[in-house]
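Chain identifiers are assigned alphabetically (A, B, ...) following the order of the sequence lines, protein sequences preceding nucleic acid strands; residue numbering begins at 1 within each chain.
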Amino acid sequence: MPAPKDDPLIPLRHSTAHVMAQAVGELFPGTKFGIGPAIEDGFYYDFDLPRPLTPDDLEAIEARMREIIRGNYPFIRREISPEEGRRIFHDQPYKLELIEDLQAGRADEDGESISTGPLTLTTYTHDTFTDLCRGPHVEHTGQIPADAFKLLRVAGAYWRGDERRPQLQRIYGTVWPARQELEAYLVRLEEIERRDHRRLGRELDLFSVDPNLGAGLVLWHPKGAMIRYLVEEFWRQEHLKWGYELVFSPHIGRSWLWEKSGHLQFYRENMYAPLEIDEQEFYLKPMNCPFHISIYRSRVRSYRELPLRWAELGTVYRYERGGVLHGLLRVRGFTQDDAHIFCRPDQIEEEVLRCLDFCLHLWRAFGFHEYEIDLSVRDPAHPEKYAGGDEAWQQAEQALSRALEARHLPYRRAEGEAVFYGPKIDWKIRDALGRTWQCTTIQFDFNLPERFDISYIGEDGREHRPYMVHRALLGSMERFLGLLIEHYAGAFPVWLCPVQVALIPITDAQVPYARQIEEAVRAAGLRVVLDDSNRRMQAKIREHQLQKVPYMLVLGAREEATGQVAVRLRTGEDLGDMPLSRFLEMAREAVEKKV
RNA sequence: GCCGACGUAGCUCAAUGGUAGAGCAGCGGUCUUGUAAACCGCCGGCUAAGGGUUCAAAUCCCUUCGUCGGCUCCA
């Protein structure tokens with residue numbers, strides 16, 4: 001992701017990118033240079049090279065970079081005309097394209113669009129390397145600490161982010177003011193890897209994805225299924241409290257439905273091939289909306305019954321391109337926490353606000369407090385590209401922005417990013433690796449009500465078209481659970497733990513006592529396991545600690561004699577002996593408070 | 001889908017083109033222990049699948065599937 005605009009390390013990182021570019025250019029004659037910005041925690045540079053890079057190449061590039069750094073070459077800024085730029089970069093097609101676009105006011109040096117085109121370009125030169133660049137840079141290459149940078153990996157990246165254009169080789173690197181900071185960063189990367197949901201999913205026996213049954217298809221093991229069950233139960237209860245009704249719909253539907261909805265026309269490449277039976281074609285559903293609309297259409301609707309809020313944990317299947325699958329975060333079969341709201345125009349404002357409040361309530365309940373929100377609206381220059389009337393769009397966009405503002409939620413207004421059928425709020429959560437994943441989406445739809453010709457009878461006795469809002473708050477169970485695992489690094493709050501209490505008898509002699517305790521703990525409504533394995537107490541503690549069980553009750557001769565339990569928390573804290581009743585009170589309180 | 005790397009036991013990893021191995025996990029025993037790993041033994045593999053090259057392939061080549069890192073796209 002891009003570096004924050006005010007990051008003081010940008011000059012250092014951008015300068016290191018230039019040094020890397022020089023090194024690559026020297027080691028690979030004929031290199032064509034793309035762009036190379038500073039990003040969060042580092043930098044990259046894109047190259048068109050005669051052959052693929054290997055890890056050995058990265059070492060050679062790093063070695064040459066250290067030499068350039070030792071040269072203490074100053075970074076020299078120059079202002080040049082576009083003509084001069086074309087001369088300097090006459091053998092650099094990508095740079096020439098950038099100059100063209102800069103002149104036309106289409107892009108800046110980082111390939112991002114800007115509104116006005118500068119007539120003066122700037123270049124920065126150090127040693128033998130000159131790049132088209134806005135700066136700023138450090139004063140000279142010697143200011144780059146030679147022991148605090150590292151080239152991390154090479155990856156493919158399309159020129160200008162366009163998959164129809166050539167694919168370049170991108171080298172990612174990181175650089176810090178001092179060696180200790182680089183080391184701290186590398187340690188951070190390792191910690192992040194340890195909380196990767198794919199690793200924790202295996203270690204905690206929560207889920208698996210078995211290529212033998214298909215990529216992107218998730219198997220929920222008992223412990224993962226327990227967490228999912230708890231999330232879903234909570235979700236259902238809260239929806240009922242917040243004025244939703246629950247519905248269910250099938251996994252397949254006749255081609256009629258998908259033709260009517262337009263999915264076969266616009267979404268076919270993401271749909272699984274049809275199943276044929278009785279000379280009819282059925283498709284696995286990639287979305288739930290056509291079914292909910294069909295429920296709406298099942299009889300005449302009155303203005304009196306609106307708004308209708310119908311929610312379903314609807315499992316959908318989408319054929320996602322192979323390269324994008326990622327653990328639980330990007331899969332081919334997933335269960336959306338979907339709902340559709342049908343309402344009158346005069347209800348829209350309140351419905352959007354309700355939706356937002358409910359959304360905040362849910363995320364907070366699961367311990368998430370930081371979001372990135374986009375409000376995607378029309379491209380004002382091309383109102384003709386969109387379904388639905390001008391007035392409806394304005395009303396919908398206003399309802400969305402007012403709701404965000406009423407709740408003081410910072411958001412980015414993304415003009416032109418709305419889909420053709422309506423404006424939307426996209427709400428993203430960051431994973432442990434800093435990647436953001438869209439979970440919540442609140443979307444207006446002016447298209448489907450039209451296509452299915454749904455209506456309600458108004459006060460005036462005439463037919464009116466209802467507004468329709470799609471919303472998924474957690475997004476999907478798969479993605480949400482993936483993020484939940486990383487958010488808590490597998491140490492879930494007690495109410496979500498598949499195993500809340502582990503009983504650890506010190507010797508076999510305490511097993512009968514442990515069984516009594518087990519029964520009492522289970523009767524208190526807690527999920528408990530008794531470890532009567534043939535191992536030492538220390539090994540059992542280690543095992544359940546690694547399984548992130550919040551409470552371990554150690555049961556030895558002393559506890560049995562006094563009828564107590566020795567309580568140890570997964571933090572390692574030893575609370576000592578206490579009566580079982582006191583422990584149960586403590587655990588139940590934690591469950592209630594959802595901590 | 002694209003670029004690159006990779007695919008050996010449940011997991012983490014070994015093995016010059018020449019007999020596939022270790023630790024952990026699992027199983028069986030012994031031990032009966034006071035807050036993060038007792039000891040001994042056993043089991044475990046068509047080296048992802050298919051095709052080639054070779055006297056000989058985990059190793060070299062091709063295809064498919066999958067995984068990882070990105071890009072593009074998305075809940």
TODO: Describe the nucleic acid contact of Ala472(A) in one word from base, sugar-phosphate, nothing, applying a heavy-atom distance below 4.0 Å.
DONE: nothing

TODO: Check if the side chain of Asp162(A) and the base of U72(B) share a donor-acceptor pair of N or O atoms closer than 3.5 Å.
DONE: no

Open item on the list: Regarding Glu478(A), tell me which of base, sugar-phosphate or nothing describes its non-hydrogen contacts under 4.0 Å with the strands shown.
Closed with: nothing

- [ ] Hey, can you tell me if His470(A) and His340(A) have their rings parallel, tilted or perpendicular (30° and 60° cut-offs)?
- [x] perpendicular

Open item on the list: Between Trp258(A) and Tyr272(A), is the ring centroid distance below 6.0 Å?
Closed with: no

- [ ] Looking at every strand, decide which applies to Arg318(A) at a 4.0 Å heavy-atom threshold: base, sugar-phosphate, or nothing.
- [x] base

- [ ] Would you sort out whether Lys424(A) and Ile442(A) count as a side-chain contact (heavy atoms from CB on, under 4.5 Å), showing the intermediate values?
- [x] CA-CA 5 Å; Lys424(A) 60 175 178 172; Ile442(A) 301 174; over 6 Å; no

Task: Listed nucleotide nearest any side-chain atom of Val554(A), set A36(B), G66(B), U35(B) - done: U35(B)

Open item on the list: Base of C74(B), side chain of Arg330(A) - is there a donor-acceptor contact under 3.5 Å?
Closed with: yes

TODO: Give a yes/no verdict on a cation-pi contact between Arg170(A) and Tyr44(A), requiring under 6.0 Å between NZ or CZ and the six-membered ring centre and an angle within 45° of the axis.
DONE: yes

TODO: Mind checking Val331(A) for me? I need base, sugar-phosphate or nothing, with any heavy atom below 4.0 Å counting as a touch.
DONE: base

- [ ] Consider the side chain of Gln538(A), meaning its heavy atoms from C-beta on, and name the nucleotide among U67(B), G34(B), C11(B) that approaches it most closely.
- [x] G34(B)

Task: Pair partner, U59(B) [Watson-Crick or wobble, under 3.5 Å] - done: none

- [ ] Give Leu152(A) one of three labels, base, sugar-phosphate or nothing, depending on what nucleic acid heavy atoms sit under 4.0 Å from its own.
- [x] nothing

Task: Gln167(A), nearest nucleotide to its side chain (from A36(B), A75(B), C71(B)) - done: C71(B)

Open item on the list: For a side-chain contact (heavy atoms from CB on, under 4.5 Å) check, start with the C-alpha distance between Tyr551(A) and Val528(A), then their side-chain angles and the critical distance, and finish with the verdict.
Closed with: CA-CA 9 Å; Tyr551(A) 301 109; Val528(A) 56; over 6 Å; no

Open item on the list: Distance check, P atoms only: A57(B) and G50(B), in whole angstrom units.
Closed with: 15 Å

Task: Side chain of Ala539(A) (C-beta onward), nearest among G69(B), U35(B), A37(B) - done: A37(B)

TODO: Hunt down the Watson-Crick or G-U wobble partner of U54(B), both distances under 3.5 Å, from any strand shown, or write none.
DONE: none

TODO: Mark yes or no for a side-chain to base donor-acceptor pair under 3.5 Å between Tyr158(A) and G1(B), with no hydrogen or angle criteria applied.
DONE: yes

- [ ] Mind telling me whether Trp235(A) and His239(A) have parallel, tilted or perpendicular rings, with 30° and 60° as the class edges?
- [x] tilted

TODO: Assess whether one donor atom and one acceptor atom, taken from the side chain of Gln438(A) and the base of C74(B), lie less than 3.5 Å apart.
DONE: no

- [ ] Answer with base, sugar-phosphate or nothing: what part of the nucleic acid does Asn534(A) contact at a heavy-atom distance below 4.0 Å?
- [x] base

Open item on the list: Suppose we call a contact any N or O donor and acceptor under 3.5 Å apart; does that hold for the side chain of Arg321(A) and the base of U72(B)?
Closed with: yes

Open item on the list: Would you call the rings of Phe480(A) and Phe366(A) parallel, tilted or perpendicular, taking 30° and 60° as the class edges?
Closed with: perpendicular

Open item on the list: Using a heavy-atom cut-off of 4.0 Å across all strands, would you classify Gly156(A) as base, sugar-phosphate, or nothing?
Closed with: base

- [ ] Write down the partner of G26(B) under the Watson-Crick or G-U wobble criteria, each distance required to be under 3.5 Å.
- [x] C42(B)

Open item on the list: Checking contacts here: which listed nucleotide (C71(B), G1(B), A75(B)) is nearest the side-chain heavy atoms of Tyr319(A)?
Closed with: G1(B)

Open item on the list: Of the listed nucleotides (G66(B), G70(B), G34(B)), which one gets closest to any side-chain atom of Arg153(A)?
Closed with: G70(B)

- [ ] Remember a base hit wins even if backbone is also touched, and classify Gly323(A) as base, sugar-phosphate or nothing at under 4.0 Å, heavy atoms.
- [x] base

Task: Partner nucleotide, any strand, of G69(B) [Watson-Crick/G-U, under 3.5 Å] - done: C3(B)

TODO: Assign Phe480(A) to base, sugar-phosphate, or nothing according to its heavy-atom contacts below 4.0 angstrom with the strands shown.
DONE: nothing

Task: Side chain of Arg198(A) (C-beta onward), nearest among A75(B), G4(B), G69(B) - done: G69(B)

TODO: Both distances under 3.5 Å, Watson-Crick or G-U wobble: report the partner of C31(B), or none.
DONE: none

TODO: Look at the side chain of Asn270(A) and the base of C73(B), then say whether one donor and one acceptor between them are separated by less than 3.5 Å.
DONE: no

Task: Base-pairing assignment for G21(B) (Watson-Crick or G-U wobble, both under 3.5 Å) - done: C13(B)

Open item on the list: I'd like to know if the side chain of Arg413(A) pairs up with that of Tyr411(A) as donor and acceptor (distance under 3.5 Å, no hydrogens or angles considered).
Closed with: no

- [ ] Go through A36(B), C71(B), U72(B) for me and flag the one nearest to the Tyr172(A) side chain.
- [x] C71(B)

Task: Residue-level proximity of residues 506-516 of chain A to RNA chain B when a heavy atom falls under 4.0 Å - done: Ile506(A), Thr507(A), Asp508(A)

Open item on the list: With a cut-off of less than 4.0 Å, is there a side-chain N or O of His326(A) near OP1 or OP2 of G69(B)?
Closed with: yes

Open item on the list: Just to be sure I understand the rule, does Gln545(A) reach a base, reach only the sugar-phosphate, or reach nothing, if contact means heavy atoms closer than 4.0 Å?
Closed with: base

Task: Pair of N/O donor and acceptor under 3.5 Å linking G34(B) base with Glu559(A) side chain - done: yes

TODO: Evaluate the salt bridge (Lys or Arg N to Asp or Glu O under 4.0 Å) criterion for residues Glu163(A) and Arg321(A): first the C-alpha distance (whole Å), next the side-chain angles of each, then the deciding distance (0.1 Å), finally the verdict.
DONE: CA-CA 14 Å; Glu163(A) 64 179 324; Arg321(A) 293 156 114 190; 2.9 Å; yes

Task: Aromatic ring proximity, centroids under 6.0 angstrom, His361(A) and Trp242(A) - done: yes

